[in-house]
Amino acid sequence: MTKQQAEQDSLFMARALYLARKGRYTTKPNPRVGCVIVKNNEMIAEGWHVRAGQGHAEVEALKNTQDAQGATAYVTLEPCSHYGRTPPCAEALIKAGVVRVVIAMQDPNPLVAGKGVALLEQAGIDVVCGVLESEAQALNRGFITRMTTAKPYVISKMAMSLDGRTAMASGESKWITAPQARHDVQKLRAASCCVLTGVDTVLADDPSMNVRLEGVQVEQPLRVILDSQLRTPTSAKLLTLAGRTLILTCSNEQNKIAALTQAGAEVYAINADTQGRLDLNAVLLFLAQQQMNQVLVEAGSVLNGALMEQNLIDECIVYMAPCMLGSSGRGLCDMPHVTRMAEKKNLVLSEVRKVGVDLRLQYKVQK
């Protein structure tokens, strides 16, 4: 491949990735995918996957041209080769007469992985893989994680003062951060399949845990409460809102289950750990089975600490406010079993940016 061809491939793939990002709030549980069709070095059509059950990016792009014969298709994810809710995209490209397909990354879904490429090559189509691969992987890290580990990608969202406190000793926490940071959190929720919290947060704050973004098309994330003893009140605000609320428990108290179900919750039993609390590993396996790609944890120090201790958090996004709450304030993570420096949890800073007056710190958790 010539340098000019490689540059052209990167240019058109960048456009396909831009299109894929348009579905970041709506495609769940499917991956975000974009497609550009090029003929004679000019884009003749483009499309992206909008939501599950609707056309995949390749099909949407092909709808926008009547003549893809001899064209090149740029796709951010390997075209599917199996029949799901929609027919195989690899077959659609073959029938359209495309002669070259450039793919950013292989599909991690075992139903597809490598099979879409094989189908295209068997039809005599020239296939190139790995163009802007890292960018494509970053766009669908949740989908990739679920497909390769049978668990969702877990992000913990935390807000703290400059001295690492999340609330006053009394529990008062509204508001540490400014409105701009809280608006940014709405985008995080919108991009997640599920927002996860503990029952203590529900009791203390009565949160909504929904997305409130005006003028933006959003699929509301699933709301999940970890509540081992079913202490969630039937009057909880999140039970009255549109969308699904799941309560995961290891209690078998049928009267409480019936009352919460009547109030609008879906109650599921999860195995307990040795201390009688929910087995957090089992929780994540369950959420992956519910097709949750990315889970956003919005919880207190106990649940965050337990997840961190068990190496179940993939990434932390910390909003740091320019204030101090003092030594009596509540800490970020309660990790009672971390008692030596050798046991500390190490994080790698991946991004820093200012959001209003606050700092947004993004960390990958080393495991």
When you compare the side chains of Asn281 and Gln310, does any donor N or O come within less than 3.5 Å of an acceptor on the partner?
no
Would you call Arg360 and Glu351 a salt bridge, using N to O less than 4.0 angstrom?
yes
Smallest separation among heavy atoms of Pro233 and Val202, with atom names
CD-CG1, 4.4 Å
Check the surroundings of atom OH in Tyr18: do more than 12 heavy atoms from other residues, nucleotides or ligands lie under 6.0 Å from it?
no
Rounded to the nearest 0.5 angstrom, the CG-OH distance for Leu11 and Tyr74 is 8.5 Å
Contact between Met308 and Met335 at the side-chain level, heavy atoms closer than 4.5 Å - yes or no?
yes
Just by distance, do the side chain of Arg146 and the backbone of Phe143 share a donor-acceptor pair under 3.5 Å?
no
Nearest 0.5 Å, please: how far is CD in Gln180 from NE2 in His183?
9.5 Å
NZ/NE/NH1/NH2 to OD/OE distance under 4.0 Å, Arg100 and Asp9
yes
d(Asn30 CG, Gln54 CD) to nearest 0.5 Å is 10.5 Å
Side-chain donor-acceptor pairs under 3.5 Å in residues 121-139, sequence neighbours left out?
none

To the nearest 0.5 Å, what is the distance between CG (Leu296) and SG (Cys194)?
8.5 Å
Test salt bridge (Lys or Arg N to Asp or Glu O under 4.0 Å) on Lys115 and Asp107; report intermediate values, then the result.
CA-CA 9 Å; Lys115 297 175 185 175; Asp107 195 326; over 6 Å; no
Applying side chain to side chain contact (heavy atoms under 4.5 Å, CB included), run through Lys151 and Leu285 and close with a yes or a no.
CA-CA 5 Å; Lys151 292 179 187 176; Leu285 290 170; 3.9 Å; yes
With a 4.5 Å limit on heavy-atom distance, are the side chains of Ser301 and Cys333 in contact?
no
State, with a plain yes or no, whether a side-chain heavy atom of Ile247 is found less than 4.5 Å away from one of Val224.
no
Any salt bridge between Glu309 and Lys345, counting N to O under 4.0 Å?
no
Would you confirm whether Gln294, through its side chain, and Tyr153, through its main-chain N or O, come within 3.5 Å as a donor-acceptor pair?
no
Quick check on Gln4: does its CD atom have over 12 non-hydrogen neighbours (other residues, nucleotides or ligands) under 6.0 Å away?
no
Between Arg277 and Gln275, do the side chains contain an N or O donor and an N or O acceptor separated by less than 3.5 Å?
yes
Donor-acceptor pair, distance only, cut-off 3.5 Å: does the side chain of Asp279 make one with the backbone of Ala272?
no
Determine yes or no for a side-chain-to-main-chain donor-acceptor pair under 3.5 angstrom, with Thr249 supplying the side chain and Ala269 the backbone.
no
What is the distance from atom CE of Met13 to atom CE of Met105, rounded to the nearest 0.5 Å?
11.5 Å
Between Thr245 and Leu238 (side chain of the first, backbone of the second, donor and acceptor by atom type, cut-off under 3.5 Å), is there such a pair?
yes
Would one find more than 12 heavy atoms of other residues, nucleotides or ligands at under 6.0 Å from atom CD of Gln254?
yes
Looking at Asn311, I'd like to know if its CG atom is crowded, meaning that more than 12 non-hydrogen atoms belonging to other residues, nucleotides or ligands lie closer than 6.0 Å.
yes
Side chain proximity check, Val297 to Ile313, heavy atoms < 4.5 angstrom
no
Go through the side-chain N and O atoms of Asp358 and Thr177 and say whether any donor and acceptor fall under 3.5 Å apart.
no
Transitively linked via ILVMFWY side-chain contacts under 4.5 Å: Leu284 with Met147?
no
Counting heavy atoms not belonging to Glu343, are there more than 12 under 6.0 Å from its CD?
yes
For Val195 and Leu222, what are the C-alpha separation, side-chain angles and deciding distance, and is it a side chain to side chain contact (heavy atoms under 4.5 Å, CB included)?
CA-CA 6 Å; Val195 181; Leu222 192 71; over 6 Å; no
Do the side chains of Leu119 and Ile94 get nearer than 4.5 Å, heavy atoms only?
yes
Using a cut-off of 6.0 Å, state whether more than 12 heavy atoms not belonging to Gln217 lie near its atom CD.
no
Salt bridge (Lys or Arg N to Asp or Glu O under 4.0 Å) with Glu219: which of Arg24, Arg51, Lys28?
Arg51
State whether the number of non-hydrogen atoms from other residues, nucleotides or ligands found under 6.0 Å of Asn40 atom CG is greater than 12.
no
Considering all heavy atoms, the nearest Val365-Cys316 contact:
CG2-SG, 4.0 Å
Locate the shortest heavy-atom distance separating Leu93 from Pro79; write the atom from each residue and the value.
CD1-CG, 3.8 Å
Side-chain touch Lys39/Thr72, heavy atoms, less than 4.5 angstrom
no
Trace of the side chain to side chain contact (heavy atoms under 4.5 Å, CB included) decision for Asn41 with Gln8:
CA-CA 8 Å; Asn41 297 327; Gln8 187 180 57; 2.7 Å; yes
So, are Lys367 and Asp314 salt-bridged, with charged N and O less than 4.0 Å apart?
yes
Decide yes or no on side chain to side chain contact (heavy atoms under 4.5 Å, CB included) for Leu239 and Arg223, but give the supporting numbers first.
CA-CA 9 Å; Leu239 297 180; Arg223 299 181 292 269; over 6 Å; no
Do the side chains of Lys187 and Leu213 get nearer than 4.5 Å, heavy atoms only?
yes
What class does the angle between the rings of His56 and His49 fall in, given that below 30° is parallel, 30 to 60° is tilted and above 60° is perpendicular?
perpendicular
With a 4.5 Å limit on heavy-atom distance, are the side chains of Glu46 and Cys35 in contact?
no
Examine Val154 and Leu287 and state if one hydrophobic cluster contains both, with Ile, Leu, Val, Met, Phe, Trp and Tyr joined whenever side-chain heavy atoms are less than 4.5 Å apart.
yes
For Trp175, does the six-membered ring have the charged nitrogen or CZ of Arg182 within the cation-pi criterion, i.e. under 6.0 angstrom from the centroid and within 45° of the normal?
yes
Does atom CD (Glu42) have a neighbourhood of more than 12 heavy atoms from anything else shown, all under 6.0 Å?
no
Is there a path of hydrophobic side-chain contacts, each under 4.5 Å between heavy atoms, that joins Ile270 and Leu196?
yes
Main chain of Ile144, side chain of Thr148: is a donor-acceptor contact present, judged purely on distance under 3.5 Å?
yes
Examine Val355 and Ile176 and state if one hydrophobic cluster contains both, with Ile, Leu, Val, Met, Phe, Trp and Tyr joined whenever side-chain heavy atoms are less than 4.5 Å apart.
no
For the pair Asp227 (side chain) and Thr232 (backbone), establish whether a donor and an acceptor sit closer than 3.5 Å, ignoring hydrogens and angles.
yes
N/O donor-acceptor pair under 3.5 Å between Asn140 side chain and Arg32 backbone:
yes
dist Met209:CE -> Gln220:CD (nearest 0.5 Å) comes out at 11.0 Å
Ring pair (Phe, Tyr, Trp, His ring centres under 6.0 Å) pairs, two or more places apart, involving residues 319-364
none
Counting distance only, does the side-chain N/O of Asn64 pair as donor-acceptor with the main-chain N or O of Glu60 below 3.5 Å?
yes
Donor-acceptor pair, distance only, cut-off 3.5 Å: does the side chain of Thr197 make one with the backbone of Thr201?
no
Is there a continuous path of hydrophobic side-chain contacts, each under 4.5 Å between heavy atoms, that joins Val199 to Tyr268?
no
